[in-house]
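Below: one structure, written as structure tokens.
Each chain gets a letter, A, B and so on, in the order its sequence line appears, and its residues count up from 1. Computed over heavy atoms, backbone and side chain alike; hydrogens, waters and symmetry mates excluded.
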Amino acid sequence: MRDELSRSGKGQAMEEYNFAYLDEQTKRMIRRALLKGMAVPGYQVPFASREMPMPYGWGTGGVQVSAAVMVPEDCFKVIDQGADDTTNAVSIRRFFERTAGVAVTERTGEATVIQTRHRIPEQPLEEGQILVYQVPIPEPLRFLEPSEVETRKMHALEEYGLMHVKLYEDIARHGEISTSYAYPVKVEGRYVMDPSPIPKFDNPKLRMAAIQLFGAGREQRIYALPPWCEVVSLDFEDYPFQASRADHDCDLCGAEGSYLDEVITDDAGGRMFVCSDTDFCAGRRDAGHLGRLGATEDVA
Amino acid sequence: MAMAADALTGGFTDAPRQSARAFRAALEAMARPGSVHPLTDLAQAPDPVSPAAATLLLVLCDPETPVFLAGAHDCAAVRDWITFHTGAPLAPAAEATFALGPWQALMPLSAYAPGTPEYPDRSATLIVDGDFAGQPVTLSGPGIETTTHAVLPDIAALQANAAGFPLGLDFYFTSGAELMALPRSTRIASAEES
């Protein structure tokens, strides 16, 4: 399956649509927003999000950003919670295979554009790669302050006290910062940004060599992180940020440092932990690494 | 007045794919300030517009983006070319989303919109076309792992622009078929100081 899919792009797009689906004026509008986002890292640039042939919540923002940056020579990968083989990932990959004629892959190292829902791949990304995030709620302050007028003013005035109060209340109630995903970050010491609902395990990876673009279709916002941008997870001196993960090894490939999904295997309390990044896990198994259940489970 | 024939030529022959490749180079340039990127798919505008600047205009400008032309770039042939190929309205500096010209003619930077505190994206992007008298600088900030070197005109004006972050102007420097970008987020030190 993996090998069949790799580089299987037909090199031919459907004739009925413009290259990468969107019309040129829409792409220009998105491209201008992307450049502004790049120039002001972490700032949410409004853009005129279009209706896409998929429902809100399925990655319409990410798809529009991918369409605006894609070139015919790209190799495209889509992951959903780390997995290449979920409905969402498969349909978005097929969408661009058909409308842009680009090659597609499941291998992180081969991809030039990676659209992601809620994970950063385990394999470090390199210069020349672009990571496109699907973002549901781009405004990190939204659940603390419902008014867009107010949150925009708070960003303008760099007034982020409310966010620290929220993290403090976490500590007061639970004894630790219990926010485990969409953990707020401060970008280049200026804007507080929602890194999309990635697990906080992934937060330290946000400073990377690749370009990171964030698209929120329903909320009509685009933002970006240039390579090597300084991204700091908010915390307190006495309660420093901690990237957390399940305290296990992957049961399939034995990886010790990867982010894990818990899978219930029967109704008697049986469970296993597997890498959430399917390409990372499969790559390790191809290389001969075996976990606790790796020899017995068929997880194709 | 009849349009000159060369106002009608020099556009893309396959706009979706050519502008996609050109934008990718422009995005990489803005993401990695100070790095020089060659463009492969070039548009050709009347003199004195460089192929790189002409390509940027086609990729980024349309009826929604007022364009200001400065210096020798503000001539009938260039105005006609931009109108025909992009439909962008020509506007004074203060209203422009994009400005095109040589560095000296584009001055002063205070003439352009730097955005507002609520909407720092409502700012102008300057396309500085052609050669300029430059000084070596050391750049750091977003997009740069440690530091990088570049040659920029009028360091003091650009430092003042960067000091206004998140407000400010973003720049493309174009020459021939190459471009380099300088967003407002880049910190600039003259090479002698560092």
Side-chain angles (χ1 to χ4, degrees), chain A residues 13 18-20 22-25 27-48 67-74 100-101 112-113 127-128 130 149 152-153 155-158 187-188 190-191 207 209-213 222 224-230, chain B residues 12 14-33 35 40-41 56 58-65 86-88 97-98 115-123 125 140-146 165-172 181-187:
Chain A
N18 191 28
F19 172 72
L22 292 173
D23 61 280
E24 288 305 296
Q25 182 147 358
K27 281 194 256 180
R28 271 194 298 273
M29 173 271 295
I30 296 172
R31 285 166 179 167
R32 290 194 294 263
L34 287 169
L35 293 179
K36 295 289 187 198
M38 204 51 79
V40 191
Y43 165 72
Q44 301 162 53
V45 186
F47 82 110
V69 301
M70 193 170 282
V71 298
E73 296 76 21
D74 268 326
T112 50
V113 177
E127 187 171 335
I130 296 179
V149 175
R152 192 158 279 280
K153 201 169 282 170
H155 283 294
L157 298 174
E158 219 175 330
V187 179
E188 287 288 330
R190 179 59 182 82
Y191 285 99
R207 186 174 191 273
I211 291 173
Q212 296 172 86
L213 306 173
I222 280 172
L225 293 174
W228 308 118
C229 197
E230 183 194 78
Chain B
F12 288 143
D14 180 9
R17 287 165 187 82
Q18 289 177 304
S19 53
R21 292 190 191 102
F23 171 71
R24 191 66 164 266
L27 178 72
E28 285 283 347
M30 192 60 88
R32 302 173 200 280
S35 61
T40 51
D41 295 74
L56 269 186
L58 286 198
V59 170
L60 298 174
C61 298
D62 58 29
E64 295 172 5
T65 58
T86 72
T97 308
F98 292 94
T116 67
E118 271 90 1
Y119 293 94
D121 55 303
R122 295 181 183 173
S123 56
T125 300
S140 60
I144 302 166
E145 188 172 6
T146 51
F165 182 87
L167 305 191
L169 311 174
D170 308 314
F171 300 86
Y172 276 108
L182 183 76
R184 66 194 84 171
S185 57
T186 303
R187 295 181 279 277

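Of all non-hydrogen atoms in B:L27 and A:L35, the two that sit nearest each other are CA-CD2, 4.0 Å. Between A:K36 and B:T125, the closest heavy-atom pair is NZ-OG1, 3.5 Å. Shown here for B:P63 and A:Q25, the closest heavy-atom pair between the two residues is CD-NE2, 4.3 Å. Contact between A:V40 and B:P166 at its shortest, heavy atoms only, is CG1-CB, 3.8 Å. Of all the heavy atoms in A:P72 and B:R17, the pair that sits closest is CG-CG, 3.5 Å. Residues B:P142 and A:C229 approach most closely at CB-SG, 4.1 Å, considering heavy atoms.
Across A:G37, A:A39, A:G128, A:A224, the residue that shares the most heavy-atom pairs under 4.5 angstrom with chain B is A:A39. Of the listed residues (B:E28, B:E118, B:M30, B:E64), the greatest number of heavy-atom pairs within a distance under 4.5 Å of chain A belongs to B:E118. Among the candidates A:P227, A:P226, A:A156, the residue making the largest number of heavy-atom pairs closer than 4.5 Å to chain B is A:P227. Most heavy-atom pairs under 4.5 Å with chain B: of the set A:Q44, A:K27, A:M38, this distinction falls to A:M38.
Taking 4.0 Å as the cut-off between side-chain N and carboxylate O, B:D62 and A:R32 count as a salt-bridged pair.
Heavy-atom distances place the backbone of B:L58, and not its side chain, under 4.5 Å from chain A. Of the atoms belonging to A:A209, it is backbone heavy atoms, and not side-chain ones, that fall under 4.5 Å from chain B. For a residue to count as touching a neighbouring chain, one of its non-hydrogen atoms must lie under 4.5 Å from one of that chain's; by this rule B:S123 touches chain A with backbone and side chain alike. For B:F98, the part lying under 4.5 angstrom from a heavy atom of chain A is the side chain only. Residue contact with chain B, scored on non-hydrogen atoms closer than 4.5 Å, involves the backbone and the side chain of A:E127 alike. Using a 4.5 Å cut-off between heavy atoms, B:Y119 contacts chain A through both its backbone and its side chain. With a 4.5 Å cut-off on non-hydrogen atoms, B:D170 touches chain A through its side chain but not through its backbone. For A:R152, the parts sitting under 4.5 Å from any heavy atom of chain B are the backbone and the side chain alike. Within the 4.5 angstrom heavy-atom criterion, only backbone atoms of B:I144 (N, CA, C, O) approach chain A. Proximity to chain B (any heavy atom under 4.5 Å) is restricted, for A:A68, to the backbone atoms N, CA, C and O. Interface remark: A:I130 contributes side-chain atoms only to the contact with chain B (heavy atom separation under 4.5 Å).
One distance of note links OG1 of B:T40 with CD of A:E73; it measures 8.0 Å at 0.5 Å rounding.
B:R32 places a side-chain heavy atom less than 4.5 Å from the side chain of A:I211. Side-chain contact between A:V71 and B:F23: absent, with no pair of heavy atoms (C-beta onward) separated by less than 4.5 Å. The shortest distance between side-chain heavy atoms of B:F165 and A:P41 falls below 4.5 Å. The shortest side-chain heavy-atom distance between A:E24 and B:P16 falls under the 4.5 Å cut-off. You'll find the side chain of B:P120 reaches within 4.5 Å of the side chain of A:Y43, heavy atoms only.
Residues A:E188 and B:S185 bring no donor and acceptor atom of their side chains to less than 3.5 Å of each other.
Of the possible donor and acceptor atoms, none in the side chain of B:R24 sits under 3.5 Å from a partner among the backbone N and O of A:M70.
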